[in-house]
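Reviewing the structure listed below.
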Amino acid sequence: MGVLSRMSYVVRSKINAVLNRAEDPTETLDYSYEQMRDELQDVKQGIADLTTQKKRLEIQKRRLEENVEKHNQQARQAVKQDREDLARQALEKKKQKMNQIEDLEGQIAQLQNTQDNLVQKKDELQNRIEEFRTKKESMKARYEAAEANSRVSEAMTGVGDEMQDVGMAIERAEEKTEDMEARAEAMDELQDTGAFEDALSDKSSLDRELEEMRSSGEVDSELETLKADMGVEDEPEEEETSSGDDDDIDLSDLEAEVAAEETETETESETEQATEENNS
């Protein structure tokens, strides 16, 4: 097999595969039925044309028969008048008309036979069309039932194209839902750690450090002022603990609060550092 022959074979096979996939048996059956009806209509039209032609020949035959009778009377009248020459001419014309009538009768008989054959074929074709119509409707019903059954089976097993699309849509929805849930949890965690406060603030890290230093200096100054007002001097921690009998205040809550604030500050600093590293 040559290259061109192989290419032609491949092209025909591809086209045949595409046509098989695109073919709808119900449409094919309907089209075939319409084609057969068109053929039946053509046969009927042929019979009508043939009958018309036969009728024209029959009319022509009747006219010739009338002429034959006319020439016969002319010959009789000529014989009565002793005009043998005219009688002979009349008989010759009669003979010609009779020969024409004989030819017309042969043509009419032939047309009649053709018409009878066409009528018989028309009846057979019409019967075949009726049988085909019955089979067509039965095949269409079977095909539609099989197609519906196939669709239901594909839907139940999930192997159909539409069910595959649905399955992929569900998977994508699950992935997006999981991403949104993870993002929401991350946002909650950052909110709890206070990272958003720094992220939303327009102050730089240097500004925040300077502000903390100013705040710490103000606190130290206020502490010195408080100590001066109370007449308290800087003494060793043991003496401070033993002095002040009138101030029996439990400082454990304050110490625990300060420790918690320090821990939170360290956590915020670590979160800020990690955020800056990620942004960089």
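- Between the side chain of S138 and the backbone N or O of T134, no donor-acceptor pair lies under 3.5 Å.
- In this structure, D85 and R83 have side chains that are in contact, with non-hydrogen atoms separated by less than 4.5 Å.
- For the residue pair Q120 and D116, no side-chain donor N or O sits within less than 3.5 Å of a side-chain acceptor on the partner.
- For the atom pair CZ of R62 and CD of E66, the computed distance is 8.5 Å after rounding to the nearest 0.5 Å.
- A distance of 10.0 Å separates CZ of F132 from CZ of R128, quoted to the nearest 0.5 Å.
- Between L111 and L57, the shortest heavy-atom distance links the atoms CD1-CD1, 3.4 Å.
- With values rounded to the nearest 0.5 angstrom, Q35 atom CD is found 11.0 Å from I129 atom CD1.
- Salt-bridge formation is not detected for the pair E175/R172: no Lys NZ or Arg NE/NH1/NH2 atom is positioned less than 4.0 Å from an Asp or Glu carboxylate oxygen.
- The shortest side-chain heavy-atom distance between Q100 and K97 falls under the 4.5 Å cut-off.
- For the side chain to side chain donor-acceptor pair (under 3.5 Å) test, residues two or more places apart in sequence or in another chain that qualify with D30 are K136, K140.
- By the salt bridge (Lys or Arg N to Asp or Glu O under 4.0 Å) test, R133 pairs with E130, sequence neighbours left out.
- Atoms CG and NZ, from L125 and K44 in turn, are 9.5 Å apart once rounded to the nearest 0.5 Å.
- Under the 4.5 Å side-chain criterion, counting only non-hydrogen atoms from C-beta, L91 is not in contact with H71.
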Test side-chain contact (heavy atoms from CB on, under 4.5 Å) on Q81 and Q77 and set out the steps. CA-CA 6 Å; Q81 296 179 4; Q77 187 67 26; 3.2 Å; yes
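- Put simply, the side chain of E69 reaches to within 4.5 Å of the side chain of Q73, judged on heavy atoms.
- Of the inter-residue distances, the one linking E102 atom CD with N99 atom CG reads 6.5 Å to the nearest 0.5 angstrom.
- M139 and L29 make their closest contact through CB-CD1, 3.7 Å (heavy atoms, listed as atom of the first residue, atom of the second, distance).
- A 6.0 Å sphere centred on CE of M36 holds more than 12 heavy atoms belonging to other residues, nucleotides or ligands.
- Of the possible donor and acceptor atoms, none in the side chain of N72 sits under 3.5 Å from a partner among the backbone N and O of V68.
- When all heavy atoms of A87 and A75 are compared, the pair lying nearest together is CB-O, 3.7 Å.
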Candidate pair Q107 and D103, rule side-chain hydrogen bond (donor to acceptor under 3.5 Å, both in side chains), full reasoning: CA-CA 6 Å; Q107 295 179 20; D103 292 338; over 6 Å; no
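- For Q60 against L104, the heavy-atom pair with the smallest separation is CG-CD1, 3.8 Å.
- Taking a 6.0 Å sphere around CD of E137, one finds it holds more than 12 heavy atoms contributed by other residues, nucleotides or ligands.
- Counting heavy atoms from C-beta outward, Q115 and T51 have side chains that approach closer than 4.5 Å.
- Surrounding CD of E105 are more than 12 heavy atoms belonging to other residues, nucleotides or ligands, all under 6.0 Å away.
- Residue K54 comes nearest to I108 through the heavy atom pair CG-CG2, 3.9 Å, listed as atom of the first residue, atom of the second, then distance.
- In this structure, the side chain of N117 engages the main chain of N113 through a donor-acceptor pair within 3.5 Å.
- In this structure, K122 NZ and N127 CG are separated by 9.5 Å, a value rounded to the nearest 0.5 Å.
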